[in-house]
Amino acid sequence: AEGAAMAAAAEASAEVASAVAGEVAGVEAAGEGSELPRKSPMARVAVLGLGKMGAGIARRLAERGTHVVLWNRTTERAREIAAEWPGLATVATSAAGACAAVGDGGLVITMLKDMRTWRAAIFDDEATRAGLAGRVVANLVSGNPDEGRDAAHMAAQAHVSVYIDGCYCGGPAAARAGSGQLFLSCDGGEPAAMREYGPELSALGKVTFCGDVGASRALDYAVVDPYF
């Protein structure tokens, strides 16, 4: 009986070792645009839009050890950041590729010029819209409450897993230093995804949950804008 127990333990240990080795091999073999295991230590966040604000966010996340997948309409901006953070920043040649890289449940942060640009780049592009299915989208593009609600409706049509609508209060320097203020909102109450990605979001600044979609933008308009 003792010999059988020892054999069973050895077999279980071998299975565990094999599973760990397979997971590590999957991470090491993953290349640009590939989908990494969700529980991998290299779990990725996609940043779409690398203007001054988006670039600050991407650099801040990479600095904190988060592997970021970068997309910008001008690819050279993404390459500049990737060159600064080898091993932590990957360039995607399309927004759809960036969304694919983070896998189901992955976080996609959007920081584009305005909501019109956001819609054209993200939801009017069929491949990108399809790539957002199952992802968590944190939309930090400036806009009014109605635009936020319209974006939430489009996100639902695209089968986004969780749509987080928000505003980033602070300039590019604050984004880079992680010293800004994030007002975030989501229909149905604070989602579990906000807790899952708490380290990434809080790395960008102080996070305040404001209620249903539209509330964060209303607060930004009413309280914050007069001071800028």
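When reading the values below, keep in mind they use all heavy atoms of this one structure, side chains included, and skip hydrogens, waters and symmetry mates. As the structure is a prediction and not an experimental result, all values here were calculated from the model.
In this structure Ser202 satisfies the side chain to side chain donor-acceptor pair (under 3.5 Å) test with no other residue, sequence neighbours excluded. The side-chain contact (heavy atoms from CB on, under 4.5 Å) search around Ala175 returns Met53, Ile57, Tyr168, not counting sequence neighbours. Not a single side chain to side chain donor-acceptor pair (under 3.5 Å) links Arg119 to another residue, sequence neighbours left out. Phe209 meets the ring-ring contact (aromatic ring centres under 6.0 Å, His included) test with no other residue; sequence neighbours excluded.
Checked by atom type and distance alone, the side chain of Arg135 pairs as donor or acceptor with a backbone atom of Cys99 at under 3.5 Å. In this structure, the side chain of Arg60 engages the main chain of Ala203 through a donor-acceptor pair within 3.5 Å. For Arg129 (side chain) and Phe123 (main-chain N/O), a donor-acceptor pair under 3.5 Å exists by modelled atom type.
Remark: Glu84 engages Arg59 in a salt bridge, criterion side-chain N to carboxylate O under 4.0 Å. Under 4.0 Å is where a charged nitrogen must lie from a carboxylate oxygen, and between Arg149 and Asp146 at least one such pair does. One finds a salt bridge joining Glu63 and Arg176 here, because a Lys/Arg side-chain nitrogen approaches an Asp/Glu carboxylate oxygen to under 4.0 Å.
The side chain to side chain donor-acceptor pair (under 3.5 Å) analysis of residues 179-188, with sequence neighbours excluded, yields the pairs Gln181-Thr208, Ser185-Ser216. For residues 69-79, there are no side chain to side chain donor-acceptor pair (under 3.5 Å) pairs, not counting sequence neighbours.
The closest side-chain heavy-atom distance from Cys169 to Phe183 is below 4.5 Å.
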